[in-house]
Engineer: 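Let me give you the structure first, and then I'll get to my questions.
The basis for the numbers below is simple: all heavy atoms, side chains too, and nothing from hydrogens, waters or symmetry mates. Chain identifiers are assigned alphabetically (A, B, ...) following the order of the sequence lines, protein sequences preceding nucleic acid strands; residue numbering begins at 1 within each chain.
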Amino acid sequence: MADALTEHPITLPEKPALEGLEAKWGPVWEREGTYRFTPGRPRHEVFSIDTPPPTVSGSLHVGHVFSYTHTDVVARFQRMRGKSVFYPMGWDDNGLPTERRVQNFYGVRCDPSLPYDPSFQPPDKPGKAPISVSRPNFIELCERLTVEDEKAFEALWRHLGLSVDWSLTYATIGKRAQRVSQAAFLRLLRKGHAYQLEAPTLWDVDFRSAVAQAELEDREQPGAYHRLRFGKGDGSFVEIDTTRPELLPACVALVAHPDDARYQPLFDTVVMTPLFGVPVPVKAHPLADPEKGSGIAMICTFGDLTDVIWWRELALPVRAVIQTNGALKPVTFGSEAWPSHDAARAQGAYDQLANLSVTKARTKIVELLRESGDLIGEPRPITHPVKFYEKGDRPLEIVTSRQWFIRTMEFREALLARNRELEWHPEYMAHRLENWVNGLSGDWCVSRQRFFGVPFPVWYPIDQDGHIDYAHPLLPEEAQLPLDPSSDLPAGYGAEQRGQPGGFAGDPDVMDTWATSSLTPQLAAGWPDDPALFAQVFPMDVRPQAHDIIRTWLFTTVLRAELEHGSLPWTNAAISGWVLDPDRKKMSKSKGNVVTPMGLLEEHGSDGVRYWAASGRPGTDTAFDPAQMKVGRRLSIKLLNASRFALLQAEPRGPISEPLDRGMLTQLSRLVADATESLDAYDYARVLERTESFFWGFCDDYLEMVKARRYGDFGPEGAASANSAMLVALEALLRLFAPYLPFVTEEVWSWWRPGSVHRASWPTPAEVVAPIGGEDAGAVAVFKDAQTALADIRRIKAMEKRAVKSVIERAELPKTLEGLTPAARDFQAATHIRALTFGDVEAPRLIFAEEPVKAGESPA
RNA sequence: GGGCGGUUAGCUCAGUUGGUAGAGCUCCGGCUUUACACGCCGGCUGUCACAGGUUCGAGUCCUGUACCGCCCACCA
């Protein structure tokens, strides 16, 4: 048959091997532009990926290899289906990890009040005292350092075989990222979706910055209930439990449940705080839990988020004592804010607390309360969850400060509707976002009191008295972006007016890192400067990411796309699990169980490691398992050798007439149909499993049974049928495996097919059965019976410890296997059966040609 | 407290619309077989977490329970 497969010459290596394939093919792919995105194609011919940008100041670990492989499999599949794949790589160099690394590496500190110094060069080695540099200089240093990190990352990704288009890279710092972040922010501001407010805010006292709800985590901390008594004025007392006695001076009310009969008589009466003699009202509120403590609680400004709710809903005054550094600020009793029945005593007590940290103040006040007799009994130790900033070391406080917010609360319904529109893989992950949106308690606080990050592109006028007029911000034109209000000037002002009465002041804050990360689709897709590219790739097809950052990255990206574009940012969210160590714990550095990815790739081969990764099902945490990598490596080697066998003697060729050949191809076409459907649904693990399973059957049963015929034992027509079928199967199998094992499949492809397998078209069921004129279900039945009988014969030979090639003079098989008759010749050749009959027997009855191997055992 | 996922062989996991329990690894035994000893063939191993229910029939569907894990929560 003069088919297309013979047009290309076949060149086979003597001894094929996996070693060196990464080094061989990586440069070829780069040179040939195999993975290059083609601009200009219409949206429906594009598959675009919102690649997660790894944090470059960190290090890549096996978890990255795991999840990025999943994305790459999908990318390769879509490319083979004919899509132009937009597969960029981002570098996340924004945020605290980079800030710290740059500080330490160069020995510098950022001082946003300094002007930009274009000639600044950092010292070769960091000095003892940190050098202060301007924010623009600091960002330059960051970009310089991360370039080195990015090179190492890229080398690893290339070695792993990610089919990223390396001409499409972006960063989350630098001018472009700032321009996008600032432009998006200004648009929100002009639409009224961003606003500024002075309000109680979650505050990290070490970072001295506000943090957002999404950045919180609970940690179990030791604490203690302290029972305090408040005087009712008639000589009797009411007792409350608190874990934060140091906030007693910040107490503004007591609260109990409206239905709590014990405290109903006290509602709207006034009681006196111990030590300080501050009169506070007793209030009723449904959030008070009668079961907790004594059933009545003190409200402080602010001990926790419940205090904020009570304070707001009960319209209570503010008596803040925690400063931004976490110490208690000095206050004056007898003042308007701190009335007291005994101001001198109150001040005497408080002066011992002022300027102490929270923990020291707690110890001190317990001492004072014990002396005064207001502490009832001793503190009862408990363990309770306390809110922390996820990167912080001390519990969060709540501090009143001016912050920027992006509206989220009023868009909750819209976001829930978008969530229903989004296709999640696996589907159940949608609950995570739904729960998070339903649980939102406030708008998104996006400002951070850090130096490094994207500045808010905003200035404020300063009036003649030197007061900053926050209500009338000075905004730039979008064309001016990016800018830094600490060095750039608002229109109509001169540099000498900075900070002067009648002049202006730049907004000192920077944006939350998620304010930039939430724009990765826009950042990668050229928004707002390249509308053609943007239209070609946005909304993107898929966001791949892990499940732990659904509430942060995924949520904020959906929010930003809704607010800016009124659409989803992508149509699919593919969620990958974590890599767990064999003890089922998350792999982590601190546990010392992290393996370097490059070492793994070198030991098991990239294809071997990818095999392990791709066997982890979407959303499912997967055990780190080198044994699976060895299996993947073995599969790759098998692919080399089986391909070599198929190609070793590819002539003669001709019509595929033999039932085993036709049955095998029919099964393969069904596999192709299933694989295509599953990959469309992101179920890459299933496809690998099915394809692998077929392939082993192909090698162990099909190839073994057609071997003799293929070598010409039954004439040229039989050989031609086998050869042609094998090549059709091989060509399809290589393409099915290509997304998973890109190196070995490319190697084999290069022996006999032109171009790259990764640019070849994805196989279709019709194409596989075309040479046999469509599916041949009858041949499948023949193949299956032959396989069953083959296993039976092999079992008997193994049990009797006979050689595989030992000859069987006569065999009688159960009638249930009679279906193999059309392939009897192949079957008998593979099993070395001379005469074959079928009868009413349960199991095969075999008469071997020679005497049994074991002495004393009679022939069957 | 709310939500989600899981529980199948010693280990890691498949099991598509209900129809006689599977794979790989491990372990054991065998085989120099003209693609592969980086190989091949075979064997052992299960009250499908538990209790009910629906059904001719349940690993699969329904209800409940237990345990593991994750996410969330206003945690005095």
Engineer: For the side chain of A:A623, counting heavy atoms from C-beta on, which of B:rC75, B:rG42, B:rU12 is nearest?
Structural biologist: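 Nearest to the side-chain atoms of A:A623, counting from C-beta on, is B:rU12.
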Engineer: Return the value, rounded to whole Å, for the distance between atom NE2 of A:H431 and atom C1' of B:rA73.
Structural biologist: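 Going from NE2 in A:H431 over to C1' in B:rA73 covers 18 Å.
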Engineer: Side chain of A:N435: nearest nucleotide among B:rC25, B:rU33, B:rG2?
Structural biologist: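 In terms of side-chain proximity for A:N435, the closest of B:rC25, B:rU33, B:rG2 is B:rG2.
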Engineer: Check this one for me: any side-chain N or O of A:K15 less than 4.0 Å away from OP1 or OP2 of B:rA37?
Structural biologist: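 The answer is yes; a side-chain N or O of A:K15 sits under 4.0 Å from OP1 or OP2.
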Engineer: Compute both the distance and the angle, then confirm whether A:R543 meets the cation-pi test with A:W553: under 6.0 Å from the six-membered ring centre, within 45 degrees of the axis.
Structural biologist: yes
Engineer: With a 4.0 Å cut-off on heavy atoms, is A:A685 in touch with a base, just the backbone sugar-phosphate, or nothing at all?
Structural biologist: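 If one applies the 4.0 Å heavy-atom cut-off, A:A685 turns out to touch nothing in the nucleic acid.
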Engineer: Check whether any side-chain heavy atom of A:H547 sits under 4.5 Å from a side-chain heavy atom of A:I550, and report yes or no.
Structural biologist: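 When only atoms from C-beta onward are counted, A:I550 and A:H547 do touch, with a gap below 4.5 Å.
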Engineer: Is the Lys NZ or Arg CZ of A:K707 less than 6.0 Å from the centre of A:F645's six-membered ring, within 45° of the axis?
Structural biologist: yes
Engineer: Can the ring centres of A:F66 and A:W612 be said to be less than 6.0 Å apart?
Structural biologist: yes
Engineer: In whole angstroms, how far is the P atom of B:rC4 from the CG atom of A:L433?
Structural biologist: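 It is 15 Å, rounded to the nearest whole Å.
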Engineer: Just name whichever nucleotide pairs with B:rA66, Watson-Crick or G-U, keeping both distances under 3.5 Å, else none.
Structural biologist: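 Looking at the geometry, B:rA66 pairs with B:rU7.
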Engineer: Which of these nucleotides, B:rA73, B:rC74, B:rG43, is closest to any side-chain atom of A:W436?
Structural biologist: B:rA73
Engineer: Does A:K797 get its side chain close enough to the base of B:rC41, under 3.5 Å, for a donor-acceptor pair?
Structural biologist: no
Engineer: What's the CD1-C1' distance between A:I575 and B:rC4, to the nearest Å?
Structural biologist: 13 Å
Engineer: Check this one for me: any side-chain N or O of A:K387 less than 4.0 Å away from OP1 or OP2 of B:rC74?
Structural biologist: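 Yes.
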Engineer: So, is A:R551 near the phosphate of B:rC71, with a side-chain N or O under 4.0 Å from OP1 or OP2?
Structural biologist: no
Engineer: More 5' along RNA chain B: A:G439 or A:K707, using each one's nearest nucleotide?
Structural biologist: A:K707
Engineer: A:Y428 OH to B:rG3 C1': how many Å, rounded?
Structural biologist: 13 Å
Engineer: With both distances kept under 3.5 Å, what pairs with B:rU12, Watson-Crick or G-U wobble?
Structural biologist: B:rA23
Engineer: For B:rC40 and A:K638 - does any side-chain N or O of the residue sit under 4.0 Å from the phosphate oxygens OP1/OP2?
Structural biologist: yes
Engineer: What is the distance, rounded to the nearest whole Å, between atom CG of A:D548 and atom C1' of B:rG69?
Structural biologist: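 It works out to 14 Å between those atoms.
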Engineer: Which nucleotide in the list B:rG42, B:rA73, B:rU33 gets nearest to the side chain of A:Q213?
Structural biologist: B:rA73
Engineer: Cut-off 3.5 Å, side chains only: do A:E22 and A:S606 have a donor facing an acceptor?
Structural biologist: yes
Engineer: Looking at A:R795, does any N or O in its side chain come under 4.0 Å of the phosphate oxygens OP1/OP2 on B:rG43?
Structural biologist: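 For B:rG43, OP1/OP2 do have a side-chain N/O of A:R795 under 4.0 Å.
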Engineer: Closer to the 5' end of RNA chain B via nearest nucleotide, is it A:Y611 or A:E291?
Structural biologist: A:Y611
Engineer: Using the side-chain heavy atoms of A:R690, tell me which of these nucleotides is nearest: B:rC41, B:rU16, B:rG24.
Structural biologist: B:rU16
Engineer: Rounded to the Å, how far apart are A:R219 CZ and B:rC71 P?
Structural biologist: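 Distance check: A:R219 CZ to B:rC71 P gives 14 Å.
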Engineer: Of the nucleotides B:rC75, B:rC71, B:rC31, which one has an atom closest to the side chain of A:W578?
Structural biologist: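 Between B:rC75, B:rC71, B:rC31, the one nearest the side chain of A:W578 would be B:rC71.
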Engineer: Provide the Watson-Crick or G-U wobble partner of B:rG42, both distances under 3.5 Å; none if there is no partner.
Structural biologist: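 Paired with B:rC28.
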Engineer: Considering only side-chain heavy atoms of A:R432, which listed nucleotide, B:rU16, B:rC75, B:rC70, is closest?
Structural biologist: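 Of the candidates, B:rC70 comes closest.
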Engineer: Within this structure, what is the CG-to-C1' distance between A:D700 and B:rA23, rounded to whole angstrom?
Structural biologist: 13 Å
Engineer: Can you tell me how the ring of A:W311 sits relative to the ring of A:F302, calling it parallel under 30°, perpendicular over 60° and tilted otherwise?
Structural biologist: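 The arrangement is perpendicular - the two ring planes meet at more than 60°.
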Engineer: Find the distance A:N641:CG to B:rU33:C1' and express it as a whole number of Å.
Structural biologist: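 Computing the A:N641:CG to B:rU33:C1' distance gives 15 Å.
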Engineer: Step by step, work out the side chain to side chain contact (heavy atoms under 4.5 Å, CB included) result for A:F230 and A:V280.
Structural biologist: CA-CA 9 Å; A:F230 283 59; A:V280 294; 4.3 Å; yes
Engineer: For B:rU33 and A:K805 - does any side-chain N or O of the residue sit under 4.0 Å from the phosphate oxygens OP1/OP2?
Structural biologist: yes
Engineer: Look at the side chain of A:D218 and decide which nucleotide, out of B:rA73, B:rG3, B:rG15, has an atom nearest to it.
Structural biologist: B:rA73
Engineer: Report the base-pairing partner of B:rC61 (Watson-Crick or G-U wobble, both distances below 3.5 angstrom), or none.
Structural biologist: B:rG53
Engineer: Starting the side chain at C-beta, find the nucleotide from B:rA14, B:rU16, B:rG42 nearest to A:R686.
Structural biologist: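 Nearest listed nucleotide: B:rU16.
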Engineer: Between B:rC25 and A:R634, is there an OP1 or OP2 to side-chain N/O distance shorter than 4.0 Å?
Structural biologist: yes
Engineer: Give, for atom OG1 of A:T242 and atom OH of A:Y225, the distance between the pair rounded to the nearest 0.5 Å.
Structural biologist: 9.5 Å
Engineer: If we take the C1' atom in both B:rU8 and B:rA49, what is their distance in whole Å?
Structural biologist: 10 Å
Engineer: Out of B:rU33, B:rC74, B:rC36, which nucleotide sits closest to the side chain of A:I309?
Structural biologist: B:rC74
